Protein chains: 2
Amino acid sequence: MGQDLPVTGYALLGLLTFGDELTGYELKQRADITMRFYWVSPAMSQIYSELARLSDRGLVAAVADDSGTSRYRITDEGREVVREWMTETPAGFPVLKHPVALRLLMGHLTDAATTRAMLERYVEELAAARRDLAEVRAGLVGRDEPGQNFHHPSLVADWGLAYFDSEARIARRTLRRMSADGP
Amino acid sequence: MGQDLPVTGYALLGLLTFGDELTGYELKQRADITMRFYWVSPAMSQIYSELARLSDRGLVAAVADDSGTSRYRITDEGREVVREWMTETPAGFPVLKHPVALRLLMGHLTDAATTRAMLERYVEELAAARRDLAEVRAGLVGRDEPGQNFHHPSLVADWGLAYFDSEARIARRTLRRMSADGP
DNA sequence: CGACCCCTATTCCTATTCGGAATAGTAGTC
DNA sequence: GACTACTATTCCGAATAGGAATAGGGGTCG
């Protein structure tokens with residue numbers, strides 16, 4: 001069994017497997033744009049402390065440019081460690097923190113109008129998130145066929161789009177049920 | 001604006017608003033059984049440190065029984081703080097850590113059979129989680145009509161069931177797409 | 001009745017995560 | 001040259017995670 005990393009370490013390695021050499025700042029941006037739909041984007045401090053650990057273990061290599069900026073690339077060992085993690089350990093079940101569902105649970109503490117307003121707002125937020133992800137998905141076109149670099153990211157993006165559609169349907173159904181309930 | 005609590009504090013208060021007086025251990029059990037489908041169940045240590053904070057702020061009251069065990073009940077102020085949190089602050093968007101999607105993203109690092117096996121396992125795990133939640137849902141029947149105590153929990157449980165169904169569909173679709181792609 | 005096992009109850013421990021803010025430098029625009 | 005925004009990294013304290021450790025009690029079995 002390879003060495004243990006927090007999952008976020010594997011996630012950052014994963015982002016680097018697409019070939020780019022990135023600064024910590026760019027990694028954070030990349031995570032904010034693409035990964036945040038299915039894995040919480042790590043905090044800035046975590047990115048840098050994780051890069052330090054990955055570098056210490058030889059899983060990434062830092063390359064300094066002329067101005068002293070460090071860019072990171074994954075090493076062959078890093079790639080192997082991710083591959084091993086994927087083949088030797090179970091993925092595990094998704095972990096969700098759903099504040100809308102949490103507040104819906106406690107709906108008995110407020111009037112129904114407050115809860116309906118929250119659901120309506122959530123539907124809007126879902127639409128906005130879906131637009132963002134659709135834009136990311138559109139950026140993959142042309143390199144998303146099987147065997148191409150972005151094939152798997154396109155499967156993940158399609159998953160996210162379908163998830164947003166499903167959530168919107170469920171939220172609207174819940175709104176309808178609440179409206180049928182009376183005031 | 002009321003005082004600030006971590007969301008888990010509100011979540012624990014929320015569990016207590018259903019009327020029971022619970023020990024920390026029972027709260028953890030309750031969270032493990034009912035809340036874990038839409039909010040990660042807090043760690044044991046976190047339950048107790050959170051209860052201490054809620055107690056310090058007068059949001060819960062500890063009642064010791066004969067054997068020295070402490071049970072907690074929400075206070076009127078605690079109920080008011082939750083109500084205010086729900087009406088005065090936005091819910092926010094769900095936060096997801098989806099290890100299956102994360103590994104799917106990195107599918108280019110392993111053979112397709114590994115990724116398909118992970119998706120198949122996830123479908124099984126979804127079915128098991130759905131069975132668990134269906135059981136919780138069944139336990140609400142009889143007290144889940146509008147105006148009744150478990151109405152909102154039943155809406156949340158229905159949401160979770162629909163979410164699991166949707167995830168299973170998406171996972172199966174992804175499996176089909178991968179099979180159509182070749183070996 | 002004692003041994004054993006499991007459950008209940010709470011504290012303890014370390015590592016990770018969070019959420020940027022703070023700090024510093026650079027590039028582009030006006 | 002001033003200003004703004006971006007890039008790059010470190011810093012900080014709090015929250016979360018994940019139980020394990022510790023201790024006590026109840027139920028079952030021989």
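These numbers come from a predicted model, not from an experiment.
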Under-4.0 Å side-chain N/O to phosphate OP1/OP2 contact, A/Gln29 with D/dC6
no
Considering residues at least two apart in sequence or located in another chain, which fulfil the salt bridge (charged side-chain N to carboxylate O under 4.0 Å, His left out) criterion with A/Arg79?
none
Could you state the OH-P distance from B/Tyr72 to C/dA9, rounded to the nearest angstrom?
11 Å
Grab the NZ-P distance between A/Lys28 and D/dT10 for me, whole Å please.
16 Å
Spatial distance of atom CG (B/Leu15) from atom NZ (B/Lys28) [nearest 0.5 Å]:
11.5 Å
Could you tell me if A/Arg103 sits above the aromatic ring of B/Trp85, with its cationic atom closer than 6.0 Å to the ring centre and no more than 45 degrees from the axis?
yes
Salt bridge or not between A/Arg71 and A/Glu26? Use side-chain N to carboxylate O under 4.0 Å.
yes
Rounded distance in Å - CG (B/Leu5) to P (D/dA14)
15 Å
Distance, rounded to the nearest Å, where B/Ile47 contributes CD1 and C/dT8 contributes C1'
15 Å
Let me know the distance between CG of B/Leu22 and P of C/dT8, rounded to the nearest Å.
13 Å
Examine C/dT8: is either OP1 or OP2 under 4.0 Å from a nitrogen or oxygen in the side chain of B/Tyr25? Give yes or no.
yes
Nearest-angstrom distance from the residue atom CH2 of A/Trp39 to C1' of C/dT17:
12 Å
Centroid-centroid distance, A/His98 to B/Tyr163, less than 6.0 Å:
no
How would you summarise protein contacts on nucleotides 16-26 of chain D per nucleotide, using B for base, S for sugar-phosphate only and - for none, with heavy-atom distances below 4.0 Å?
SBBB-------
So, using side chain to side chain donor-acceptor pair (under 3.5 Å) as the criterion, who are the partners of B/Thr114 when residues are at least two apart?
B/Asp111
Can you find a side chain N or O atom of A/Tyr48 that sits less than 4.0 Å from OP1 or OP2 on D/dT9?
yes
